Structure formats: structure tokens, C-alpha cells
Amino acid sequence: MNYRHSYHAGNFADVHKHIALLALLAALSRKDKGFLFLDTHAGCGLYDLHGEQARKGGETAAGIERLDTSANAVSPEIQHYFDSLTKLREITGAHSYPGSPLLAATALRRHDRGLCVEFVAQEARLLQRNLDSIAAFSPCVVRAETGDGYQRLTALLPPIERRALVLIDPPYEAADEYARILTALPEALRRLDSAVIAVWFPVKRQRDVDLWLAKVARVITQPTLVAQLWLHPRDIAAGLNGSGLLIVNPPWQIDTRLAVWQEELRQRLGGDGNSGSDVRWIIHE
Ligand SMILES: C[S@@+](CC[C@H](N)C(=O)[O-])C[C@H]1O[C@@H](n2cnc3c(N)ncnc32)[C@H](O)[C@@H]1O
């Protein structure tokens with residue numbers, strides 16, 4: 001596998017996904033009962049935006065670097081993300097960018113459980129070190145492990161807590177990635193039908209995305225919504241035109257809030273006439 005997230009960390013898709021992740025974690029924390037947070041494709045958790053790989057990728061300019069994180073956001077979800085980033089950067093450095101495991105670690109409570117699976121052993125070891133480095137800022141002990149995220153998803157559900165938030169964020173380099181998700185979703189929901197599952201997907205050609213979403217709607221029955229933010233026309237298969245999130249069993253009012261903060265984010269990212277955002281149910285409540 002060639003994929004390294006360090007070339008892409010902090011791009012607009014990461015920002016979109018990470019605001020949503022924090023909003024989902026906050027929504028699940030409204031109930032006192034603990035839950036399992038499972039990150040099936042975790043990465044190494046911390047990235048150097050001034051490092052060679054980030055500079056080569058050059059994607060942060062249209063992402064995190066485009067945002068003035070010191071200017072207050074109107075949407076609490078975006079503000080929460082800015083605050084988490086600022087808090088983490090006090091330890092990890094001003095030019096660092098946290099991945100989903102470290103962001104989640106700041107949001108999880110003592111009685112929640114965090115488990116982050118990464119296929120590349122070296123990245124998983126680095127992730128554990130990065131999690132350890134911010135342990136003082138997380139009341140929850142979050143663990144990293146080497147493995148296949150899809151296999152671990154099946155093995156870990158249902159969790160003892162009977163509540164789970166799963167983030168599935170694959171690199172989409174393997175030809176069978178979409179097919180694996182189509183198998184993993186019903187399998188996970190068979191084990192825990194209330195699991196909240198967020199799947200990130202690239203928006204290149206909207207037509208291709210819609211065909212895949214139609215397949216998703218045929219293999220599961222749980223309420224599911226799709227949120228997309230795009231910065232470029234969605235008609236070229238080559239580039240990353242937009243960022244998409246499929247959310248199964250979305251917590252209450254996540255849809256209306258998503259519509260509001262996605263639009264604020266689009267404007268803050270300098271979106272022009274080619275950009276847009278939408279939120280729609282593909283399986284209704
Ligand atoms: C897009 S990155 C993850 C980024 C991370 N979720 C974040 O937001 O910071 C995808 C990661 O999945 C890993 N990966 C690829 N296939 C995997 C699999 N089957 N199981 C677990 N990890 C996998 C890659 O090595 C890569 O680090």
C-alpha cells in the first residue's frame with residue numbers, strides 16, 4: 001500500500017471530516033452512558049504541515065491554512081474544532097495537524113473507549129506514541145492497534161457498552177474499497193443496529209457517487225444521511241472535487257446543523273460559484 005496521509009493532512013476534506021467527527025462525538029456525549037469510538041482507518045494521528053510530504057502534497061493551502069482559526073466561528077461545531085486544534089497545538093506545535101484519533105482523544109470522556117486501527121504497523125506504532133504524547137489532555141485512554149479495520153469492526157461489535165461511533169476513512173486506493181464498505185456496513189449493523197457509522201468518501205464525479213449511494217441504500221435499512229461539501233465542479237473523475245460523509249443512524253438534529261455549518265465552512269474556505277454543499281437523506285428516519 002502506497003498511501004500516506006501526510007501528503008493530504010489538513011486539506012479541505014480533512015477539515016470537513018474532522019468538524020463532523022467532533023460534532024458526532026459531542027452528540028453521543030449528550031447521553032451519560034459511555035460508548036466505543038472505533039477509527040477503522042486511523043493513520044498516524046499527527047502531521048507536520050511544514051514537513052516535506054505536506055509541502056509536496058500542497059493541499060493545506062485550500063484547507064486548514066485557508067481558515068483563520070483565531071477568528072470566531074458562528075457555528076459552534078466549527079468553533080469546537082478551532083478550540084480543539086488550538087488546544088492540541090499547544091502541545092504538538094503550531095504547524096502540526098492532528099488526525100482523527102488525536103482529535104477524538106480530546107473529546108472522549110473517562111468512561112468512553114477509543115480504539116484506532118491502522119493497517120501499516122509502523123504508522124500504528126507512531127500513532128500510539130502520538131496518542132501518548134497528548135495523554136494529559138485526554139481523560140480517556142485511547143489505544144492504537146495494527147490490523148485490518150474492516151475485520152476489527154466485525155470483531156469488536158457489539159461492544160460491552162452497547163453504544164458505538166465508528167469512523168470509516170479509507171484511502172480508496174484499492175479497487176475493492178467501495179465493495180468492502182458495502183459488505184462491512186450491513187455486517188456491522190447486524191451486530192449493533194444502533195451503531196452510528198460515519199464513512200468518508202471522495203466526491204469526484206457526482207454521477208459515480210450517486211450510483212454507489214444507491215447501492216448502500218439497498219444493503220442497509222437504518223436511517224442514513226449524506227453530507228457533501230465541494231469546492232470544484234463535480235464532473236471530473238481525476239481530482240478531489242469534494243468531500244462526502246455518509247452517516248448511518250445520525251444523532252438527532254445532526255442533519256439541520258450540518259446544513260448550517262457546512263455552508264459556513266464553504267464560505268470560510270473561499271468557495272466560489274463552483275462550490276456548494278448539501279445534506280440529504282438516502283434512507284429516511
Ligand atoms: C485517509 S487515511 C486516515 C486518516 C485519519 N482517519 C484521519 O482523519 O486523520 C487512511 C489510512 O488507512 C490506512 N489503511 C488502509 N487500509 C486499511 C485497512 N484495511 N485497515 C486499516 N487501515 C487501513 C492507511 O494506511 C492510512 O493510514
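Since the structure is predicted, the reported quantities are computational estimates derived from the model, not experimental observations. In this chain, numbering begins with 1 at the start of the sequence shown. Ligands are counted one by one from 1 in listed order, and the atoms in each one are counted from 1 as well.
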Give a yes/no on ligand 1: does H5 have at least one heavy atom closer than 4.0 angstrom to it? yes
Select one of side chain, backbone, both or neither to describe which atoms of D169 lie under 4.0 Å from any atom of ligand 1, heavy atoms only. both
Which atoms from ligand 1 have a heavy atom of G99 less than 4.0 Å away? 9 (O)
Does a donor on one side chain sit under 3.5 Å from an acceptor on the other, for D39 and S100? yes
For G147, state whether at least one heavy atom is located under 4.0 Å from any atom of ligand 1. yes
SB check R129 D132 (cutoff 4.0 Å): no
For atom 2 (S) of ligand 1, the protein heavy atom that lies nearest, with its residue and separation: Y3 CE2, 3.6 Å
Considering only the protein, which heavy-atom contact is closest to atom 15 (C) of ligand 1, and what is its distance? M1 SD, 3.3 Å
In terms of side-chain heavy atoms, does H16 have a donor or acceptor partner in Q262 at a distance below 3.5 Å? yes
Polar side chain donor-acceptor pair, E187 to T154, under 3.5 angstrom: no
The protein heavy atom nearest to atom 13 (C) of ligand 1 is E118 OE1, 3.2 Å
Does the side chain of R266 pick up a donor-acceptor pair with the side chain of S275 at under 3.5 Å? yes
Quick one: nearest non-hydrogen protein atom to atom 8 (O) of ligand 1, plus distance? H18 NE2, 2.8 Å
Can you classify the ring geometry of H5 versus Y47 as parallel (below 30°), tilted (30 to 60°) or perpendicular (above 60°)? perpendicular
Heavy-atom nearest neighbour in the protein, as seen from atom 22 (N) of ligand 1, with distance rounded to 0.1 Å: F119 N, 3.1 Å
Mind jotting down which residue pairs meet the salt bridge (Lys or Arg N to Asp or Glu O under 4.0 Å) criterion with at least one end in residues 199-220? Sequence neighbours excluded, please. R205-D208, D210-R280
Pick one of side chain, backbone, both or neither for how A42 approaches ligand 1, counting any non-hydrogen atom pair under 4.0 Å. backbone
Show which atoms of ligand 1 fall inside a sub-4.0 Å distance from at least one heavy-atom site of V120. 25 (O)
So which heavy atom in the protein is nearest atom 7 (C) of ligand 1, and how far is it from that ligand atom? S100 OG, 3.0 Å
For atom 21 (C) of ligand 1, what's the nearest protein heavy atom and its distance? T40 O, 3.2 Å
Taking only non-hydrogen atoms of Q151, do any sit less than 4.0 angstrom from ligand 1? no
Residues passing the side chain to side chain donor-acceptor pair (under 3.5 Å) test with Y150, sequence neighbours excluded, are E177
Going by the atom numbers of ligand 1, which of them fall below 4.0 Å from some non-hydrogen atom of K17? 8 (O)
Any side-chain donor near an acceptor of the partner, W281 and T224, under 3.5 Å: no
Classify the ring geometry between Y178 and Y172 as parallel (under 30°), tilted (30 to 60°) or perpendicular (over 60°). tilted
To check your reading of the model: name the closest protein heavy atom to atom 3 (C) of ligand 1, its residue, and the distance in Å. H41 O, 3.1 Å
Output yes when K33 and E161 qualify as a salt bridge under the 4.0 Å nitrogen-oxygen rule, no when they do not. no
Run the numbers for me: atoms of ligand 1, each under 4.0 Å from some heavy atom of G43, listed by number. 27 (O)
